[in-house]
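Only heavy atoms go into these numbers, but all of them, side chains included; no hydrogens, no water, no symmetry mates. Counting convention: from 1, in listed order, for ligands and their atoms alike.
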Amino acid sequence: MASIFSKIVNGEIPAWKVAEDDKFLAFLDINPLAEGHTLVIPKKEVDYIFDIEDPLYAEYFTFAKKVSKAVREVIPCKRIGVAVIGLEVPHAHIHLIPINNIYDIDFSRPKLKFEPEQFKATAAKIAAKVQL
Ligand code: 5GP
C-alpha cells in the first residue's frame with residue numbers, strides 16, 4: 001500500500017508544499033515542533049533512508065540543503081536542526097527544524113498547532129525563497 005507521503009506526491013491528499021522537483025518534495029510537517037518544520041522526501045518510496053541508492057542519496061541531501069537555506073531565511077533561528085526518525089511513516093523523510101536550543105528539536109515535546117492559513121502563508125514564504 002502506498003505510504004501517506006506517496007499519496008501527497010500523487011496529489012491524493014493535500015500538503016503545504018515548499019519545494020519540488022522531479023525526484024524530491026518538501027512540505028510542512030502537519031504536527032510541527034516549530035514554525036517552518038519541513039519534511040523532505042524522495043518521491044520514489046523507500047522506507048529506510050540509508051536504503052536510498054547512490055547517487056540519488058547525495059542528490060537528496062543536496063535538495064534538503066537548498067530547502068534548509070530557504071527555511072532559515074524565513075524563520076529566525078540559530079540553525080536548522082536535522083533529524084531522521086522514520087518510526088511513524090515508512091517513507092524516508094528528513095526533518096528540517098528551525099532551532100534556537102536543544103529543546104526545540106525534542107520530539108517528545110507537545111507539537112504546535114497552527115491554523116491552515118498560517119501553514120499556507122509559511123509554506124508560501126519558504127517556497128518563494130527556495131532556489132533549486
Ligand atoms: P517520523 O516517521 O519521523 O517519526 O514522523 C513522521 C512525521 O510525519 C511526523 O512529524 C508527523 O507529524 C508527520 N506526518 C505524518 N502524517 C503526515 C501528513 O499526512 N502530512 C504531513 N504534512 N505530515 C505528516
*Asks:* Verify the neighbour count for atom CZ of Arg109: are there more than 12 heavy atoms of other residues, nucleotides or ligands below 6.0 Å?
*Replies:* yes
*Asks:* For atom 6 (C) of ligand 1, find the nearest protein heavy atom and state the residue, atom name and distance (0.1 Å precision).
*Replies:* His93 NE2, 3.4 Å
*Asks:* Starting at CG of Leu132, measure out to OG1 of Thr62 and round the result to the nearest 0.5 Å.
*Replies:* 11.5 Å
*Asks:* Yes or no: does Phe107 have any heavy atom under 4.0 Å from an atom of ligand 1?
*Replies:* no
*Asks:* Would Lys111 count as a contact residue for ligand 1, given that I'm defining contact as a non-hydrogen atom of the residue lying under 4.0 Å from a ligand atom?
*Replies:* no
*Asks:* Do the rings of Trp16 and Phe119 sit parallel, tilted or perpendicular, given the 30° and 60° boundaries?
*Replies:* parallel
*Asks:* Please determine if His37 has a nitrogen or oxygen closer than 3.5 Å to a nitrogen or oxygen of ligand 1.
*Replies:* no
*Asks:* Taking atom CG of Leu33 and atom CD1 of Ile99, what is their separation to the nearest 0.5 Å?
*Replies:* 10.5 Å
*Asks:* Identify, by atom number and element, the atoms of ligand 1 in contact range of Leu39, meaning under 4.0 Å from any of its heavy atoms.
*Replies:* 8 (O), 13 (C), 23 (N)
*Asks:* Would you please indicate yes or no on a ring centroid separation below 6.0 angstrom for His91 and His93?
*Replies:* no
*Asks:* Is Ala15 in polar range of ligand 1, meaning some N or O pair under 3.5 Å apart?
*Replies:* no
*Asks:* Counting only heavy atoms, which portion of Phe27 has something under 4.0 Å from ligand 1: side chain, backbone, both, or neither?
*Replies:* side chain
*Asks:* How far is atom 24 (C) of ligand 1 from its nearest protein heavy atom, and which residue and atom is that?
*Replies:* Ile30 CG2, 3.6 Å
*Asks:* Can you list the atoms of ligand 1 that are under 4.0 Å from a heavy atom of Phe5?
*Replies:* 8 (O), 17 (C), 24 (C)
*Asks:* Tell me, which protein residue and heavy-atom name are nearest atom 22 (N) of ligand 1, and how many Å apart are they?
*Replies:* Leu28 O, 2.9 Å
*Asks:* Do other residues, nucleotides or ligands put more than 12 heavy atoms under 6.0 Å from Glu12 CD?
*Replies:* yes
*Asks:* Report the part of Ile4 (side chain from C-beta onward, or backbone N, CA, C, O) that has a heavy atom under 4.0 Å from ligand 1; answer both or neither where that applies.
*Replies:* side chain
*Asks:* What is the nearest protein non-hydrogen atom to atom 12 (O) of ligand 1, stated with its residue, atom name and distance?
*Replies:* Asp29 OD1, 2.5 Å
*Asks:* Among all protein heavy atoms, pick the one closest to atom 15 (C) of ligand 1 and tell me residue, atom and distance.
*Replies:* Glu88 OE2, 3.4 Å
*Asks:* Quick check: closest heavy atoms across Lys17 and Ala127, and the distance to 0.1 Å?
*Replies:* O-CB, 4.5 Å
*Asks:* Are more than 12 heavy atoms from other residues, nucleotides or ligands located less than 6.0 Å from atom NZ of Lys111?
*Replies:* yes
*Asks:* Less than 4.0 angstrom from a charged side-chain N to a carboxylate O is my criterion; do Lys43 and Glu20 meet it?
*Replies:* yes
*Asks:* Only heavy atoms of Gly86, strictly under 4.0 Å: list the atoms of ligand 1 that pass.
*Replies:* 1 (P), 2 (O), 3 (O), 4 (O)
